[in-house]
Amino acid sequence: MKVKSMLNIADTLLESRFFIGTALYDSPAIMQQSIEAAESQVVTVSLRRQMAGGSDNQVFWKFLQSFQQENTQRKRHILPNTAGCHTAKEAITLSCMARELFKTNWIKLEVIGDDYTLQPDPFELVDAAKELVSQGFEVFPYCTDDLVLCEKLLSVGCKILMPWGAPIGTGKGLINPYALETLRKRIPDVPLVVDAGMGSPSHAAQAMEMGFDAVLLNTAVAKAQDSVAMARAFKLAIEAGRLAFEAGGMVQQDRANASTPVVGTPFWHNNDC
Amino acid sequence: MQIVFNGESVQLTTPCNLLELLERKLSDTHASLENVVVAVNQDFVHRHNYQSFNVSDGDMIEMLSAVVGG
């Protein structure tokens, strides 16, 4: 039996293929328990204005420090995002701020083009990615499943792509499996992480069975009735999906084919007799 | 001198550098300088440059810290 393979992303080996967000949980304690249940090695974070008071920020800051330090055997990483940016300029500035604050050159690059769908602006996204790569960032671009856009992002130096499954927070699952399958076939050697839109563990398993390298999600866990249990459910689904992909599935066919041997079937009569 | 700090208009009666302004603003919070990062007029300012950066009339200053995110 095959041993579960590691994920090699941004020159980093990860056992977990489950990237998880830190937002929308009922409490910081539930967030922490959910991340532990997910066994994620990558968590996404963001930056916002420091407000007067702001004690919650300090609780979160302490969590991030412990997240990185507690498990030295299984290194864990912070992936800051540029959520809320609408231009390349905003995203580049926020990325520089994130690098200084979180001491990482990883950046989940989001440049939103439409506020209803939170669909990325492909033109601003490519411009921002190009500049950030030149500044030494490891860019994780949140993009659509558009093949040409993905190829442009690779051409400006991205080494990872994060196509959406569906718009952020919708929970609709993989709304365009054909486009995602095409991406996987046409870009076989680049880590592809399906990011956003998944609502249930079966959606994540589907992405992994299709050969995607990892999954990033937040709302489906944070908004579950029992976030901790749902985090574990997603973890198991992602592992199952990856194992199934590596095992190699059977080829589908239209005609039924009995699995029980036909030879020796009782009550069988040859019509020619 | 009028500036905009984290989206709010602020009147400064005396000239100051960025470090002085940030220390004043941080006294209202539980955060310390190492927990925040700053941009002025949408340009990132490295913390090494806070002291030499003189705040000017009309500056738009953003002081950000870590928050949860997806």
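Just so we're clear, the structure is a prediction, and the values are computed from it rather than from any experiment. Because only heavy atoms are used, hydrogens play no part in the values below, and waters and symmetry mates are left out as well, while side chains stay in. Every chain is numbered from 1 and lettered A, B, ... according to where its sequence line falls, protein lines coming before strand lines.
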**Report entry** Which of A/Gly21, A/Ala98, A/Ala23 touches chain B most, by non-hydrogen pairs under 4.5 Å
**Finding:** A/Ala23
Query raised in the report: Does CE in B/Met60 sit with more than 12 non-hydrogen atoms of other residues, nucleotides or ligands closer than 6.0 Å?
Result: no
Query raised in the report: When you measure from the side chain of A/Asn81 to the backbone N and O of B/Gly70, does any donor-acceptor pair fall under 3.5 Å?
Result: yes
Report task. Kindly give the heavy-atom pair with the smallest separation between A/Met51 and B/Thr29, and that separation in Å. Result -> O-CG2, 3.4 Å
Report task. Counting only heavy atoms closer than 4.5 Å, note whether A/Leu217 contacts chain B via side chain, backbone, both or neither. Result -> neither
Report task. Would you check, one step at a time, whether the test side chain to side chain contact (heavy atoms under 4.5 Å, CB included) holds for A/Met31 with B/Val68? Result -> CA-CA 10 Å; A/Met31 176 197 72; B/Val68 297; 4.2 Å; yes
Query raised in the report: Considering only heavy atoms, which portion of A/Phe102 lies under 4.5 Å from any heavy atom of chain B: side chain, backbone, both, or neither?
Result: side chain
Requested in this report: Might you confirm whether atom CD of B/Gln51 has over 12 heavy atoms from other residues, nucleotides or ligands at distances under 6.0 Å?
Outcome: no
Query raised in the report: Has the side chain of A/Ser46 got a donor or acceptor atom that lies under 3.5 Å from a matching backbone atom of B/Val67?
Result: no
Query raised in the report: Is there a donor-acceptor pair under 3.5 Å between the side chain of A/Thr93 and the backbone N or O of B/Gln42?
Result: yes
Query raised in the report: Below 4.5 Å, heavy atoms only, C-beta onward: do A/Gln50 and B/Leu64 meet side chain to side chain?
Result: no
**Report entry** Residue part contacting chain B, namely of A/Ile168, when any heavy atom lies under 4.5 Å
**Finding:** neither
Report task. Starting from the C-alpha separation in whole Å, work towards a yes-or-no answer on side chain to side chain contact (heavy atoms under 4.5 Å, CB included) for B/Met63 and A/Arg49. Result -> CA-CA 6 Å; B/Met63 182 175 76; A/Arg49 288 170 173 163; over 6 Å; no
Requested in this report: Mind checking the CG-CZ spacing from A/Leu101 to B/Arg47? Nearest 0.5 Å is all I need.
Outcome: 7.0 Å
Requested in this report: Would you indicate whether B/Glu8, at its atom CD, is surrounded by more than 12 heavy atoms from other residues, nucleotides or ligands within a distance under 6.0 Å?
Outcome: no
**Report entry** A/Asp26 atom CG, over 12 foreign heavy atoms within 6.0 Å
**Finding:** no
**Report entry** Residue part contacting chain B, namely of A/Glu90, when any heavy atom lies under 4.5 Å
**Finding:** both
Query raised in the report: From B/Ser65 OG over to A/Met97 CE, what is the distance, rounded to the nearest 0.5 angstrom?
Result: 10.0 Å
Query raised in the report: Is any side-chain heavy atom of A/Glu100 less than 4.5 Å from a side-chain heavy atom of B/Phe44?
Result: yes
